[in-house]
Amino acid sequence: MVFRLGPWIIDPSARQVSQRTDAIHPLPKAMAVLDVLVGARGAVASRSELLEKVWPHVTTGEEVLTQAVAGLRRALGDKPQTPRFLETVHRAGYRLLLLPSGPSAR
């Protein structure tokens, strides 16, 4: 299920984000957040939805989600102030700004 997100090649099964020769391995929960955002197809995924899908049956605070999104942003070279990939929608959640492409993009 490898797909492209802008200049990045995402391989969820290898937990790898790569571009040319650079490969980054975000934490599993960060990749799970990306998976939910890809599945949302450009719609906003609420913080509660992300917490339920990525941390099911676990009582946790929103800080774990914030850290997972920060890890994704680091991996993609994205900034919350000028997002190219992950947008924070104030008081709502997060949205993936680019839709994945490639043969196995969902």
Side-chain angles (χ1 to χ4, degrees):
M1 297 218 273
V2 176
F3 62 90
R4 199 172 257 295
L5 187 62
W8 296 100
I9 297 169
I10 313 292
D11 184 348
S13 63
R15 203 175 40 86
Q16 180 172 298
V17 175
S18 60
Q19 183 180 39
R20 288 176 248 149
T21 59
D22 299 328
I24 299 161
H25 298 276
L27 293 172
K29 293 297 187 184
M31 290 299 286
V33 168
L34 180 59
D35 187 51
V36 174
L37 292 174
V38 166
R41 314 278 283 137
V44 174
S46 72
R47 294 178 76 82
S48 62
E49 174 187 1
L50 287 161
L51 286 167
E52 287 172 16
K53 288 184 176 180
V54 177
W55 290 270
H57 313 294
V58 176
T59 302
T60 186
E62 290 188 2
E63 183 61 25
V64 295
L65 175 57
T66 302
Q67 291 303 312
V69 169
L72 277 177
R73 285 186 170 134
R74 276 191 302 277
L76 297 170
D78 210 12
K79 297 179 181 172
Q81 304 85 354
T82 54
R84 295 180 309 152
F85 303 106
L86 299 169
E87 177 186 27
T88 301
V89 180
H90 186 66
R91 296 187 185 257
Y94 297 96
R95 173 181 19 232
L96 194 59
L97 295 174
L98 294 177
L99 292 180
S101 63
S104 51
R106 295 193 241 159

Contact between Y94 and V33 at the side-chain level, heavy atoms closer than 4.5 Å - yes or no? no
Can you check side-chain contact (heavy atoms from CB on, under 4.5 Å) on F3 and D11, steps first, answer last? CA-CA 7 Å; F3 62 90; D11 184 348; over 6 Å; no
Please answer whether the main-chain N or O of L86 pairs with a side-chain N or O of D78 as donor and acceptor at a distance below 3.5 Å. yes
Tell me the closest heavy-atom pair linking A30 and A68, and the distance in Å. CB-O, 3.6 Å
I need the minimum non-hydrogen distance between Q16 and M31, along with the two atoms involved. N-CE, 4.2 Å
Give me the atom names and distance for the closest heavy-atom approach of L5 to F85. O-CE2, 3.9 Å
Could you verify whether a donor N or O on one side chain and an acceptor N or O on the other, from R47 and T88, lie under 3.5 Å apart? no
List the steps, then state whether side-chain contact (heavy atoms from CB on, under 4.5 Å) holds for L96 with L34. CA-CA 8 Å; L96 194 59; L34 180 59; 4.1 Å; yes
Please walk me through it: do L51 and E62 pass side-chain contact (heavy atoms from CB on, under 4.5 Å)? CA-CA 8 Å; L51 286 167; E62 290 188 2; 3.8 Å; yes
W55 side chain to T60 backbone, donor-acceptor under 3.5 Å: no
If hydrophobic clusters are built by linking Ile, Leu, Val, Met, Phe, Trp and Tyr wherever their side-chain heavy atoms come under 4.5 Å apart, do W8 and L27 end up in the same one? no
Can you tell me how far the CD1 atom of I9 sits from the CZ atom of R20, to the nearest 0.5 Å? 10.5 Å
Just how far is it from atom OG of S18 to atom NE2 of H25, taken to the nearest 0.5 Å? 8.5 Å
I need the minimum non-hydrogen distance between R84 and G77, along with the two atoms involved. NH2-O, 3.6 Å
Flag the pair R73 / P80 as yes when at least one side-chain heavy-atom distance between them is below 4.5 Å, and no otherwise. yes
On a heavy-atom basis, which atom in E49 and which in V44 lie closest, and how many Å separate them? OE1-O, 4.4 Å
For the residue pair I10 and P12, establish whether any side-chain heavy-atom pair is separated by less than 4.5 Å. yes
Compare all side-chain heavy atoms of V38 with those of L99 and state whether any distance is below 4.5 angstrom. no
Short question: side chain of R4, backbone of S101 - any donor-acceptor pair under 3.5 Å? no
Which atoms form the tightest heavy-atom contact between V54 and V36, and what is the distance? CG2-CG2, 4.0 Å
